[in-house]
A.B. asks: 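Dropping a structure here in structure tokens format, bear with me for questions.
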Amino acid sequence: MMLDTDPDDYQPPIWKSYLYQLQQEAPRPKRITCPQEMESRPKYYGREFHGMISRDYADELLAGKEGAYLIRESQRQPGTHTLALSFGHQTFNYRLFYDGKHFVGEKRFESVHDLVTDALITLYIETKAAEYIAKMTTNPIYEHLGYTSLLKDKMVHRLSCGRTEPRRVTFQSEDRISSPVVRRSALKETPEKLSSYEKIHNFKVHTFRGPHWCEYCANFMWGLIAQGVRCSDCGLNVHKQCSKLVPSDCQPDLRRIKKVYSCDLTTLVKAHNTTRPMVVDICIREIELRGMKSEGLYRVSGFSEHIEDVRLAFDRDGERADISASAYADINIIAGALKLYLRDLPIPVITFDLYSKFIQAAKLPNAESRLEAIHEGLLQLPPAHYETLRYLMAHLKRVTTLEKYNLMNAENLGIVFGPTLMQPPEQNALTTLNDMRQQKLVVQLMIEHEDVLF
């Protein structure tokens, strides 16, 4: 039932016990030991190793013993090993590998006994409950978790109060786009693009200690290890198959976000409940406070050691990081720290999947078509990326108004920020070199036409 009151009123779901009961019923491993010492036995196997015996003889040794297993050396391929396992009145044969851990598939185990335990659980559950497993995602509890919904509602409300929605415009060719007045008269407004700060979950295979239930379908996550996946950003635990059905509604937990720099942009803003990364806001605020007339702003480099200190301060202290003049008198250090943050994003502000769209836009010969194509690309950016870029371009536009002091016009800033904001999906030096002119032009146009494009 949906909750509309307080998180304290949240009632946990009723976990389904059927698969847990089946795991408890699964046959236990029974090692069939070899009566004699095998000189050819690898040191990482025990007495379950029977040397080079035939498949038929292995079947005889395992016959009638549910859960029994042994290891034999292949007669067809000497030096390779097979795990023979008795289940359901038949013998299953698996090619067995060892690289420090034992495995027959994706899962890796400390011991053969653990591997067999997990295999028997999986075989038993998938045999007894195949139809149940196939249907267990059809009526998920996830959509009915009131506490999750309440958190999401609060997040959407908080973000909607602070962000600017992308604005779709049309550039009309009959009007030359020159002065701001003419540019604004050339706009034809269309409905705003509705968006929210959606974020996909960052699922990774996880081994759960003790019984755990899937937070999507409420069913038990069976097996000995790697029973499911956990979102490393919010901690959501689900079956691997259920992870494909979970909505893109990850709410990152600050306790799981270990750093600020090199953290996914959307992950960071959702974890901190902000519209833009704090680094961008704090650095721009400091630069506009005391550095807008600094000659060569963003072009002149600060000391790399001090820039690294700023990075460590943000990673350690977050929004409490001190980057004031008393801590760093040289404003180029703050400008360098901002550029480093943008450059180190795992997904650039202009995302990998839109990179070629912006490069192709810059190559268009017609000015209006070029701006129209860039605008279309901006509308496709993830909302957090769009908002970050909008805020940065507005700041850089203000930098250019003081060009007579800082000597930084839109073209100069485009040279600096082009490779910082957009990087090719495949890190190819030749591609980057060939695209530098277009990278510069994209940023230059976004600065010059910031009032129209955003």
A.B. asks: Please report the interatomic distance CG(Asn237) to CZ(Phe203), rounded to the nearest 0.5 Å.
C.D. replies: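 With rounding to 0.5 Å, CG (Asn237) is 8.5 Å from CZ (Phe203).
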A.B. asks: What do the steps show when you test Gln380 against Glu376 for side-chain hydrogen bond (donor to acceptor under 3.5 Å, both in side chains), and what is the final call?
C.D. replies: CA-CA 7 Å; Gln380 295 177 44; Glu376 287 298 317; 5.1 Å; no
A.B. asks: Where do Leu345 and Val349 come nearest, in terms of heavy atoms and distance?
C.D. replies: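 In this case the closest contact between Leu345 and Val349 is CD1-CG2, 3.7 Å.
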A.B. asks: Could you walk me through whether Asp233 and Lys199 pass salt bridge (charged side-chain N to carboxylate O under 4.0 Å, His left out), step by step?
C.D. replies: CA-CA 10 Å; Asp233 293 335; Lys199 180 191 176 309; 2.8 Å; yes
A.B. asks: Ring-plane angle category for Phe92 and Tyr94, please: parallel below 30°, perpendicular beyond 60°, tilted otherwise.
C.D. replies: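 Rings of Phe92 and Tyr94: parallel, under 30°.
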A.B. asks: Show your working on side-chain hydrogen bond (donor to acceptor under 3.5 Å, both in side chains) between Asn409 and Thr400 and close with a plain yes or no.
C.D. replies: CA-CA 5 Å; Asn409 57 26; Thr400 63; over 6 Å; no
A.B. asks: Holding to side chain to side chain donor-acceptor pair (under 3.5 Å), I want the full list of residues that pass it with Glu288, two or more places apart in sequence or in another chain.
C.D. replies: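 Partners of Glu288 under the side chain to side chain donor-acceptor pair (under 3.5 Å) test: His395, Arg398.
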A.B. asks: Do you know the tightest heavy-atom contact between Pro346 and Phe352?
C.D. replies: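 Minimum heavy-atom separation between Pro346 and Phe352: O-CE1, 3.4 Å.
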A.B. asks: Establish, for the pair Arg108 and Phe103, whether the NZ or CZ atom is under 6.0 angstrom from the six-membered ring centre and no further than 45 degrees off its axis.
C.D. replies: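 Yes, Arg108 sits over the ring of Phe103.
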A.B. asks: As an exercise, state the distance from CG of Asp330 to OG of Ser294, rounded to the nearest 0.5 Å.
C.D. replies: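 Going from the CG atom of Asp330 to the OG atom of Ser294 covers 7.0 Å.
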A.B. asks: Within this structure, what is the CD1-CD distance for the pair Ile323 and Glu286, rounded to the nearest 0.5 Å?
C.D. replies: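 Here the rounded value is 5.0 Å.
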A.B. asks: Measure across Ala384 and Thr266 and return the closest heavy-atom pair with its distance rounded to 0.1 Å.
C.D. replies: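 Looking at all heavy atoms of both residues, the closest pair is CB-OG1, 3.8 Å.
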A.B. asks: Using the side-chain contact (heavy atoms from CB on, under 4.5 Å) criterion, which residues pair with Thr207? Sequence neighbours excluded.
C.D. replies: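 Expected list: Arg209, Ile225, Ala226, Gln227.
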A.B. asks: Please indicate whether Lys16 has more than 12 foreign heavy atoms, meaning atoms of other residues, nucleotides or ligands, lying under 6.0 Å from its NZ.
C.D. replies: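 Yes, NZ of Lys16 has more than 12 neighbouring heavy atoms, counting only those of other groups under 6.0 Å.
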A.B. asks: For the residue pair His81 and Tyr45, categorise the inter-ring angle as parallel (less than 30°), tilted (30 to 60°) or perpendicular (more than 60°).
C.D. replies: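 Ring orientation, 0 to 90° scale: perpendicular.
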A.B. asks: Heavy atoms, side chains only, cut-off 4.5 Å: are Thr275 and Val269 in contact?
C.D. replies: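 When only atoms from C-beta onward are counted, Val269 and Thr275 do not touch, as no gap falls below 4.5 Å.
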A.B. asks: Of all the heavy-atom pairs spanning Ser111 and Asp114, show the shortest one and how long it is.
C.D. replies: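 Where Ser111 meets Asp114 most closely, the heavy atoms are OG-N, 3.1 Å.
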A.B. asks: Under 3.5 Å, which donor-acceptor pairs do the side chains of residues 252-259 form with other protein atoms, sequence neighbours left out?
C.D. replies:
| from | atom 1 | to | atom 2 | distance (Å) |
| --- | --- | --- | --- | --- |
| Asp253 | OD1 | Arg255 | N | 3.0 |
| Asp253 | OD1 | Arg255 | NE | 3.3 |
| Asp253 | OD2 | Arg255 | NE | 3.2 |
| Asp253 | OD2 | Arg255 | NH2 | 2.8 |

A.B. asks: Can you tell me how far the CD atom of Gln439 sits from the CE atom of Met422, to the nearest 0.5 Å?
C.D. replies: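 Going from the CD atom of Gln439 to the CE atom of Met422 covers 5.5 Å.
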A.B. asks: When you check the gap from the basic side-chain N to the acidic O, do Glu403 and Lys293 get nearer than 4.0 Å?
C.D. replies: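 Between Lys293 and Glu403 there is no salt bridge, as every charged N stays at least 4.0 Å from the carboxylate O atoms.
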A.B. asks: I'd like to know whether Asn406 forms a side-chain hydrogen bond (donor to acceptor under 3.5 Å, both in side chains) with Tyr298, so could you lay out the CA-CA distance, the side-chain angles of the two residues, the decisive distance to 0.1 Å, and finally the verdict.
C.D. replies: CA-CA 10 Å; Asn406 57 42; Tyr298 289 116; over 6 Å; no
A.B. asks: Students often mix this up, so state it plainly: with edges at 30° and 60°, are the rings of Tyr261 and Tyr341 parallel, tilted or perpendicular?
C.D. replies: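 It falls in the perpendicular class, over 60°.
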A.B. asks: Give a yes or no on whether the ring-centroid distance for His239 and Trp213 is below 6.0 angstrom.
C.D. replies: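 Ring centroids of His239 and Trp213 are no less than 6.0 Å from each other.
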